[in-house]
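First listed ligand is number 1; within each ligand, the first listed atom is number 1.
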Amino acid sequence: MAKAKARAGADGAAISTTYNEPQGSGGETHQTTNRPEETLTTQQGIPVADDQNTLRAGARGPALMEDFHFREKIFHFDHERIPERVVHARGYGAHGYFQVTDPLSDVTRADVFQRKGEKTPAFVRFSTVAGSKGSFDLARDVRGFAVKIYTQEGNWDLVGNNIPVFFIQDAIKFPDLIHAVKPEPDRGFPQAQSAHTNFWDFISLTPESMHMIMWVMSDRAIPRSLRFMEGFGVHTFRFLDKKDRSTFVKFHWKPKLGMQSVVWNEAVKINGADPDYHRRDLWDAVTTGNFPEWELGVQLFDQKFADKFDFDILDPTKLIPEEILPVRIVGRLVLDRMVDNFFAETEQVAFCTQNVPPGIDFSNDPLLQGRNFSYLDTQIKRLGGPNFTHIPINAPKCPFAHFQQDGHMAMRNPVGRVNYEPNSWGADGGPRENPQTGTRSFAETDMGQKVRARSETFADHYSQARQFFISQAPNEQKHLADALIFELSKVERPDIRARMVSHLLNIHDDLASAVADGLGLAMPKPAKAARPTLTTLPPSDALSILKNGPESFKGRKVGIFATDGADAALYSGLISALQKEGATFEVIAPRISGVTLSDGTKVEAQQKIDGGPSVLYDAVVLLMSEEGAETVKSHGPARDFVCDAYAHCKFIGFTPAAGILFDACALGDKIDGGFIPLKGKQDPGAFVGAARALRFWAREPLTKAKDDPQPGEGKQGKAKQGKRPPKSGSK
Ligand code: HDD
């Protein structure tokens, strides 16, 4: 057992230290807190008398080589970093469990899906793709959604994203894609952005990326919270039953609190105000017992369905609309515990797409096949050797036995005389293979000539991109066009901008004209398409965020900008309405010491106005006395608080005195339905009720798609369960 040590803090108080110790099958976390009697030691366990001064020859003399404590401390510090992930470097993880709600024994023998109600431990790491470890959370980017489920038959890693399709069809293009999006090699910037020349150069030369481009230019790429986004396994996988019969499967994670994104201008400002916005949000939710939850859904289908579907089910740039193939909800994922140590767990966790337990198998998706090589390979570089499964976060939690041995940092080796198989040592001969319970592959017969070729069935690059676009609510379409204009405006070469617009012409004329107009570009000719765009695919409501938002304000956060003398009864009414809804709040005040309300009650502030801009909140309240409003009305951050909340279409609750501030922000004549006056007892409840719509979208000017059916009016009719009517202003 490792000992937990305590060290003295600056004030002399003991600070707890936790060591993770690889042990037995899963390792365990050993934690001891506040044990001031414990003595600081070296890594070798030698007690340390003085940790403030190096050993030297005379008080002003040179340091001595024999100071092993100093040398060990600095040696360890010098080696504290491991290479960051080549992609998905910035991430945040949490523990939890997966629970089966609808067993799948009819289609898979995977042990994890057999018993209703059973919980299996899980670890999830969310991430951005392009940015370095220290980049900001609100980059426009795909979010990684990697889930490790520690099943009783080994670890299952479902290494997905918050977008159900991908940029490329063949893994051989992955290094090119990532080189193009990462900082340009000569100058080393821009960081965590796709808005630069090289990225759009590569994309505009890669028509297969167009569907994914629709998603990453949509609000999906700027989620409000990791808790409010969907996850997808992306590829088609296989389930295998007890007789090895195969069913194709696509995996979906659906957030219980609905989907929600921020707007781009807000994202830019959040990155300055709180670069850790997403990780702080997850930390706060889990540590206050508001455990984030997703449903696991599966789309199941057979070869017959695959044969008649419009697109190749092996093509990772395509999805199967939920209206055509409903999602069956089979379980839930709950995150209920943060890590003890970020490095030990979140940084060292190693996901590998090839980790699938018996009963789950791969399809021939060429991207998945390539990933199955890449992930194992990358872990060896990143974690330093082949024994990364000895690290507790990566170790299976079921019994395991094999003859792999030795290598860097081996924590466990097979015991006894036998380290090979077959052997003649009978019962002492160690583990044996088991054809009955062991993992078996689908008996794939689809083999052919050895070729370097892309299947003809992968050649339609635009139809589903169009389907995505016409499935968006008008506000969402506008955001998508604006995002393309923003990104392409950062592209230095006009020919690349024009080439992108030539692809957009194959997707939707309105989108192409809006973007060409925004760029001040003469309309180019459409790009040459390998297949003509199908204009018959109907809108799919499931693809829109606005139609899959929450029904309540639960899990959301209000910023209450308060001044001295604000109405005490309204304040307490507001707090109870928010608590009843399951929402949280922060008080923002001119000074961090807080405010004194009308009845003399003192209220602590969580933010001083300069550090608590309205972009950090889902809705805001201006709880002000006249005198207070007069004092803040000429203060820049106070005015930005109000102007931004207005510009970002937020609901604004306000006491009458806040009118002074509205006038100062030139909003006096712009009061609309998104402004909720707070005067009487019922008003805080009315504010929370309005805020359930999350944004007052009617405030946002639109560019409308003219000739397509509006989302929800398509031939495929209503989307699957969980679909909600459009929010106010989304028509
Ligand atoms: Fe990947 C990391 C998701 C294509 C190669 N990938 C990584 C992570 C996620 C994904 C969520 C972070 C895991 C973590 O939190 O530690 N990647 C995807 C998805 C893809 C995809 C959903 C397409 C459907 N990836 C992809 C391809 C390749 C890789 C085609 C290479 C051929 N991905 C990697 C990697 C990473 C990785 C280099 C970096 C760190 C790691 O694996 O552990 O191997």
Side-chain angles (χ1 to χ4, degrees), residues 82-95 122-133 141-149 155-182 206 208-209 211-212 215-216 220-221 223 226 229-237 250-253 278-279 282 313-319 335 339 342-355 362-363 365-384 388-389 391 393-394:
I82 59 174
E84 69 171 32
R85 288 164 174 83
V86 58
V87 283
H88 296 266
R90 182 165 179 81
Y92 209 54
H95 292 274
F123 184 78
V124 180
R125 183 176 178 272
F126 301 105
S127 46
T128 50
V129 178
S132 292
K133 239 184 99 172
D141 202 350
V142 184
R143 296 300 182 288
F145 195 125
V147 185
K148 191 183 278 294
I149 304 185
N155 292 350
W156 174 30
D157 291 354
L158 186 57
V159 196
N161 281 340
N162 73 332
I163 291 179
V165 289
F166 202 64
F167 294 96
I168 48 169
Q169 295 171 325
D170 189 317
I172 200 168
K173 296 312 296 168
F174 192 68
D176 299 291
L177 167 73
I178 299 307
H179 288 176
V181 72
K182 284 268 187 179
T206 309
E208 71 206 50
S209 66
H211 186 195
M212 179 71 167
W215 285 80
V216 288
R220 296 262 177 171
L226 303 169
M229 61 183 202
E230 290 186 320
F232 302 91
V234 182
H235 313 281
T236 297
F237 288 85
K250 278 184 173 281
F251 295 103
H252 298 244
W253 297 108
H278 280 161
R279 50 177 68 186
L282 190 65
I313 54 110
L314 300 183
D315 176 354
T317 67
K318 307 294 185 301
L319 53 83
L335 299 181
V339 298
F342 181 85
F343 180 86
E345 298 167 80
T346 308
E347 192 60 7
Q348 293 199 110
V349 67
F351 293 94
C352 296
T353 51
Q354 75 275 14
N355 290 353
F362 312 111
S363 70
D365 176 336
L367 199 69
L368 176 59
Q369 297 277 323
R371 294 179 74 195
N372 285 346
F373 163 73
S374 184
Y375 288 72
L376 180 61
D377 189 48
T378 209
Q379 307 313 345
I380 291 167
K381 164 82 177 174
R382 214 165 59 76
L383 297 164
F388 63 86
T389 56
I391 300 171
I393 192 72
N394 295 322

Using a strict 4.0 Å cut-off to heavy atoms of [X], name the atoms of ligand 1 that fall inside it.
{"X": "Gln379", "result": "41 (C), 43 (O)"}
{"X": "Leu367", "result": "23 (C), 24 (C), 30 (C)"}
{"X": "Phe351", "result": "13 (C), 14 (C), 15 (O), 16 (O)"}
{"X": "Arg125", "result": "14 (C), 15 (O), 16 (O)"}
{"X": "His235", "result": "24 (C)"}
{"X": "Val159", "result": "3 (C), 8 (C), 9 (C), 10 (C), 11 (C), 22 (C)"}

* May I ask whether Gly160 places a heavy atom under 4.0 Å from ligand 1? =>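 True for this residue.
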* What residue and atom, counting heavy atoms only, is the protein's closest point to atom 37 (C) of ligand 1, and at what distance? ->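 The closest heavy atom on the protein side is Tyr375 CE2, 3.3 Å.
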* Asked: So Thr389 and Asn394, side chain to side chain donor-acceptor pair (under 3.5 Å) or not? Walk me through it.
  -> CA-CA 5 Å; Thr389 56; Asn394 295 322; over 6 Å; no
* To do: State, without any angle test, whether His235 and Arg371 hold a side-chain donor-acceptor pair at a distance under 3.5 Å.
  =>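 Arg371 and His235 do have a side-chain donor-acceptor pair below 3.5 Å.
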* Asked: Would one find an N, O or S atom of Thr353, in either backbone or side chain, under 2.8 Å from atom 1 (Fe) of ligand 1?
  ->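 No, outside the cut-off.
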* Asked: Looking at Asn355, Leu158, Val159, which one forms a side-chain contact (heavy atoms from CB on, under 4.5 Å) with Lys148?
  -> Asn355
* Report the residue from Asn161, Asn162, Val129 that forms a side-chain contact (heavy atoms from CB on, under 4.5 Å) with Arg143. => Asn162
* Taking only Lys NZ, Arg NE, NH1 and NH2, and the carboxylate oxygens of Asp or Glu, determine whether Asp170 and Lys173 approach each other closer than 4.0 Å. => no
* To do: Could you check which of Arg382, His88, Glu84, Arg371 puts a non-hydrogen atom nearest to atom 18 (C) of ligand 1?
  =>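 Residue with the shortest heavy-atom distance to the ligand atom: Arg371.
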* **N/O separation below 3.5 Å, Asn161 to ligand 1** => no
* To do: Indicate, as side chain, backbone, both or neither, the part of Val87 found under 4.0 angstrom from ligand 1 when only non-hydrogen atoms are considered.
  => both
